[in-house]
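So the structure is just underneath, and the comments pick up after that.
Each residue takes its place number in the sequence, starting with 1.
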Amino acid sequence: MTDAYKLQALPAEESLFKPQIINNGYAMTDLIRWLNKNRTSFQPDESFSVRAIRHISNVERTKLFSPEIEHMRTAEGRWFEAIVYEMFLDAAETTDEIGGVAVKGADAPRGRRNIQLGQNGFFYSRNGDITIRGNGQDLAEFDLLLVDRNKRIAFGEVVTSPSDLKEFEIEVEYKKRLLGYLFAQPSVPFLLISSFDISHFSVVRRMMKSRDNINIQTITCEQIKALVNTRGPVQEFTRTRTHKKAFLATDLVQKKPFEYLQYHDWERNKVFLQVSNRVNVRNAPTVGETTVLVKKILYGGLYPSAIKSLCQEHEISIRGEKLEFADLMQNFSKVILATDLPGYDPIVYLRPRRKREYLKMVQDKEGNFKYERRTPPKVGFFLWLESLAPTLGSRITHQILESFSPAKGNEEGEKPVKGAMERQN
């Protein structure tokens with residue numbers, strides 16, 4: 001049984017980085033072509049399965065064989081993601097087509113920076129996940145991040161369940177746009193690694209029409225489990241190994257500036273101007289390459305007059321209980337108006353007085369707002385919401401909601417498009 005190891009990335013000046021991204025304009029990249037020829041070699045064995053266990057927590061290890069299906073599937077997904085990472089680390093040593101693999105999980109650096117407003121670019125989360133932040137908000141998370149022999153950036157997503165496909169296509173396209181912008185790359189190769197046959201899903205068939213995308217299917221998680229000892233976590237070792245093609249995601253050099261708050265404010269101010277002039281924002285032409293990077297517009301907090309107008313024009317309810325104006329004023333310290341992009345779907349965030357959290361309220365087809373999920377205090381988006389003060393009166397609030405109401409979209413023959421969103425947002 002192969003010993004697990006603690007991977008040590010070479011310092012930036014000794015490794016392939018900092019990289020310079022080259023646009024080679026291939027219809028199919030050499031990386032995708034090589035993966036297509038060698039896809040059958042990406043199959044987990046006992047060595048990869050055991051080595052990957054070091055990337056998941058002690059709690060997750062105990063749940064790998066749990067009878068509680070939901071907990072087991074979650075731990076299983078994290079484990080399989082780590083297995084894929086280990087397979088690509090080994091593959092990078094055998095081919096020049098993989099120029100480097102970004103470290104993650106147990107290999108990520110310690111002493112990671114806490115989430116703060118104003119953070120933009122690549123960061124590592126507390127558990128070693130690779131993320132891109134915009135003003136402290138997690139915009140995208142990458143299961144696998146790598147560069148090819150020409151230093152073109154590429155990324156991979158790992159799927160172990162069909163339920164993971166909800167809004168999957170939109171999220172992948174957003175990550176392509178984001179990486180393409182940051183590294184001035186017209187196209188970004190994408191790897192979809194699945195533990196089951198995913199090819200018959202329509203969303204996957206559409207995605208695989210692109211010559212920059214590839215699906216690699218491995219054996220199932222059940223088959224992988226059969227490779228290891230089912231009595232519990234295996235013994236681990238912490239032998240350090242230097243990997244010449246490992247790099248830190250935070251060492252990547254962006255080709256373009258990334259001032260996310262500035263881009264956000266441009267989009268917010270554009271909406272203010274357009275709704276005031278009765279311009280159809282949804283049908284307005286897209287101006288500027290940064291427009292497609294903004295995932296959500298936060299317009300600001302509502303003054304009491306705007307909250308009262310909101311309650312008069314729209315029903316607001318939490319788990320079936322309707323909230324009146326007095327309820328909002330008594331139980332919530334802040335009401336914030338936002339829209340999801342690209343569809344401009346209206347959202348209201350409520351800040352309870354007695355809890356450090358926000359309640360996300362989404363609009364239904366009748367135009368009313370109902371509770372969807374909570375935003376916890378340990379995410380960057382919470383800090384952004386906390387920083388917003390009341391700035392919106394009843395007039396501008398009414399104009400925004402009227403412009404983006406479901407009825408408005410239906411009258412104009414539009415089908416609102418639900419944007420990709422972070423789970424905590």
Tell me whether Lys295 forms a cation-pi arrangement with Tyr174, defined as NZ or CZ under 6.0 Å from the six-membered ring centre and within 45 degrees of its axis.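 Judged by the rule, Lys295 and Tyr174 form a cation-pi pair.
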Is the charged tip of Lys225 near the ring of Phe65: under 6.0 Å from the six-membered ring centre and within 45° of its axis?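 Lys225 over Phe65 ring: yes.
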Is the shortest side-chain N to carboxylate O distance from [X] to [Y] below 4.0 Å?
| X | Y | result |
| --- | --- | --- |
| Glu68 | Lys63 | no |
| Glu289 | Lys256 | yes |
| Arg73 | Glu76 | yes |
| Glu315 | Lys370 | no |
| Asp90 | Arg51 | yes |
| Arg78 | Asp143 | no |
| Lys322 | Asp327 | no |
| Arg351 | Glu386 | yes |

Flag the pair [X] / [Y] as yes when at least one side-chain heavy-atom distance between them is below 4.5 Å, and no otherwise.
| X | Y | answer |
| --- | --- | --- |
| Ile316 | Met361 | yes |
| Tyr85 | Asp107 | yes |
| Arg149 | Leu31 | no |
| Leu298 | Leu388 | yes |
| Phe404 | Asp345 | no |
| Met207 | Phe201 | no |
| Arg133 | Ile115 | yes |
| Tyr299 | Val271 | yes |

Is the ring centre of Phe381 less than 6.0 Å from the ring centre of Tyr358?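 No, the ring centres sit 6.0 Å or more apart.
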Mind running side chain to side chain donor-acceptor pair (under 3.5 Å) on His71 and Glu60 for me, showing each step along the way? CA-CA 8 Å; His71 292 163; Glu60 288 172 325; over 6 Å; no
For [X] and [Y], which heavy atoms make the closest approach, and how far apart are they?
| X | Y | result |
| --- | --- | --- |
| Lys334 | Ile336 | CD-CD1, 3.5 Å |
| Asn135 | Gly118 | OD1-N, 2.9 Å |
| Arg374 | Leu359 | CB-CD2, 4.3 Å |
| Thr160 | Cys221 | CG2-SG, 4.0 Å |
| Ala184 | Lys255 | CB-CB, 4.0 Å |
| Ile130 | Ala102 | CD1-CB, 3.8 Å |

Once you round to the nearest 0.5 Å, how far does [atom1] of [X] lie from [atom2] of [Y]?
| X | Y | atom1 | atom2 | result |
| --- | --- | --- | --- | --- |
| Glu157 | Ile193 | CD | CD1 | 8.0 Å |
| Phe80 | Ile219 | CZ | CD1 | 8.5 Å |
| Glu169 | Arg206 | CD | CZ | 4.0 Å |
| Leu302 | Leu392 | CG | CG | 5.5 Å |
| Cys311 | Leu328 | SG | CG | 4.5 Å |
| Tyr371 | Arg373 | OH | CZ | 9.0 Å |

Donor-acceptor pair, [X] side chain versus [Y] backbone, under 3.5 Å?
| X | Y | result |
| --- | --- | --- |
| Asp340 | Gly343 | no |
| Thr131 | Phe123 | yes |
| Asn368 | Asp364 | no |
| His55 | Trp79 | no |
| Gln43 | Gln217 | yes |
| Thr74 | Glu70 | yes |
| Lys245 | Ile98 | yes |
| Ser125 | Asp129 | yes |
| Glu173 | Ile170 | no |
| Thr29 | Ile32 | yes |

Using the side-chain contact (heavy atoms from CB on, under 4.5 Å) rule, take Leu350 and Lys360 through it: C-alpha gap first, then chi angles, then the decisive distance, then the call. CA-CA 7 Å; Leu350 304 180; Lys360 180 180 180 181; over 6 Å; no
Could you check whether the rings of Phe142 and Phe155 sit parallel, tilted or perpendicular, using 30° and 60° as the cut-offs?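 Correct class here is perpendicular.
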Apply the test side-chain contact (heavy atoms from CB on, under 4.5 Å) to residues Ser194 and Ile216: give CA-CA distance (whole Å), side-chain angles for both, the deciding distance (0.1 Å), then the verdict. CA-CA 6 Å; Ser194 60; Ile216 298 175; over 6 Å; no
Could you check Ile347 against Thr339 for side-chain contact (heavy atoms from CB on, under 4.5 Å), going step by step and ending with a plain yes or no? CA-CA 5 Å; Ile347 305 168; Thr339 53; over 6 Å; no
So Lys176 and Glu171, salt bridge (charged side-chain N to carboxylate O under 4.0 Å, His left out) or not? Walk me through it. CA-CA 9 Å; Lys176 277 177 169 275; Glu171 293 178 4; over 6 Å; no
Atom CZ of Arg354: over 12 foreign heavy atoms under 6.0 Å: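 No, not enclosed.
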Go through the steps to decide whether Glu357 and Thr375 satisfy the test side chain to side chain donor-acceptor pair (under 3.5 Å), and finish with yes or no. CA-CA 6 Å; Glu357 64 181 13; Thr375 297; over 6 Å; no
Take Lys175 and Glu141 through the test salt bridge (charged side-chain N to carboxylate O under 4.0 Å, His left out) and record every step on the way to the result. CA-CA 9 Å; Lys175 292 174 183 179; Glu141 180 182 310; over 6 Å; no
Chi angles and distances behind the side chain to side chain donor-acceptor pair (under 3.5 Å) call for Asp197, Ser199: CA-CA 6 Å; Asp197 185 5; Ser199 61; 2.7 Å; yes
Scan side-chain atoms only and decide if Thr220 and Gln223 contain a donor-acceptor pair under the 3.5 Å cut-off.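 Checked: Thr220/Gln223 side chains pair up, N/O donor to acceptor below 3.5 Å.
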I would like to know whether Arg152 and Ser187 meet side chain to side chain donor-acceptor pair (under 3.5 Å); could you show each step before the answer? CA-CA 9 Å; Arg152 283 170 54 94; Ser187 62; 3.2 Å; yes
Mind running side-chain contact (heavy atoms from CB on, under 4.5 Å) on Asp251 and Phe122 for me, showing each step along the way? CA-CA 9 Å; Asp251 279 346; Phe122 283 100; over 6 Å; no
